[in-house]
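Read through the structure below, which is laid out as structure tokens, and then see the notes.
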Amino acid sequence: QVQVVESGGGLVQPGGSLRLSCAASGPIFSVLDMGWYRQAPGNQREKVATITRAGDTNYADSVKGRFTISRDNSKNTVYLQMSRLTPEDTAVYYCNAKIADYGLDTKDYWGQGTQVTVPS
């Protein structure tokens, strides 16, 4: 089965940095768009950053200039480099990947989530 696995979450002090990783595996023909979303307690899930297979990126206004999304297509992996973190960045971060299987059926897959905590 296709799956996506996230790693890299943790606790960091305000102003610190952290890099999240998410790798897709299984019977994959091609990984298309990928992205990072986050959800804080009591809040709805919001889009943080997305990246196409060609490398075109899009960021939420709240993270522009601080976060960088990138990908390695040879490894089916997407990264989120987070810098100058603030308590407002505290949330569970989820990886999303649009994946085509060998039958060329395209479906969105979600990671299990990884906790990022920035204390105030």
Flag, side chain of Q1 to backbone of G26, donor-acceptor distance under 3.5 Å: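 No: the side chain of Q1 does not pair with the backbone of G26.
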Sidechain-backbone polar pair: N73 side chain, R53 backbone, donor-acceptor under 3.5 Å: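 Between the backbone of R53 and the side chain of N73 there is a qualifying donor-acceptor contact (under 3.5 Å).
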Within the structure provided, determine whether [X] and [Y] are in side-chain contact (heavy-atom separation under 4.5 Å).
X: V4; Y: M34; result: no
X: N96; Y: D108; result: yes
X: P14; Y: V118; result: yes
X: D89; Y: R38; result: yes

Over all atoms of both residues, closest heavy-atom pair of [X] and [Y]:
X: A24; Y: I99; value: CB-CD1, 3.9 Å
X: R84; Y: S17; value: N-OG, 4.3 Å
X: T77; Y: A23; value: OG1-CB, 3.5 Å
X: Y94; Y: G111; value: CD2-O, 3.7 Å
X: Y59; Y: T68; value: OH-CA, 3.4 Å
X: L20; Y: G9; value: CD2-N, 3.6 Å

Partner of V116 under side chain to side chain contact (heavy atoms under 4.5 Å, CB included), chosen from L80, L18, T90: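 Exactly one option meets the side chain to side chain contact (heavy atoms under 4.5 Å, CB included) with V116, and it is L18.
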Partner of I51 under side chain to side chain contact (heavy atoms under 4.5 Å, CB included), chosen from D56, N58, I69, D33: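 For I51, the side chain to side chain contact (heavy atoms under 4.5 Å, CB included) check succeeds only for I69.
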Pairs meeting criterion disulfide bond (SG atoms under 2.5 Å apart) with involvement of residues 20-117, two or more places apart: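 Qualifying pairs: C22-C95.
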Looking at [atom1] of [X] and [atom2] of [Y], how far apart are the two atoms once the value is rounded to the nearest 0.5 Å?
X: T52; Y: K98; atom1: OG1; atom2: NZ; answer: 11.5 Å
X: R66; Y: L85; atom1: CZ; atom2: CG; answer: 6.5 Å
X: S21; Y: R71; atom1: OG; atom2: CZ; answer: 14.0 Å
X: L32; Y: K107; atom1: CG; atom2: NZ; answer: 14.5 Å

Is it the case that one hydrophobic cluster holds both [X] and [Y], taking links as side-chain heavy atoms less than 4.5 Å apart, direct or via other members?
X: Y102; Y: I28; result: no
X: V12; Y: V92; result: no
X: V48; Y: Y109; result: yes

Heavy-atom neighbours of E88 CD exceed 12 at 6.0 Å: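 Counting other residues, nucleotides and ligands, CD of E88 stays at 12 neighbours or fewer.
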Steps toward side-chain contact (heavy atoms from CB on, under 4.5 Å) verdict (Y79, R19): CA-CA 7 Å; Y79 306 93; R19 190 171 90 148; 3.7 Å; yes
Contact list for residues 26-47, test ring pair (Phe, Tyr, Trp, His ring centres under 6.0 Å), sequence neighbours left out: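 Output for this query lists Y37-W110.
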Side chain to side chain donor-acceptor pair (under 3.5 Å) against Q115, all qualifying residues, sequence neighbours excluded: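 Side chain to side chain donor-acceptor pair (under 3.5 Å) list for Q115, sorted by chain: T117.
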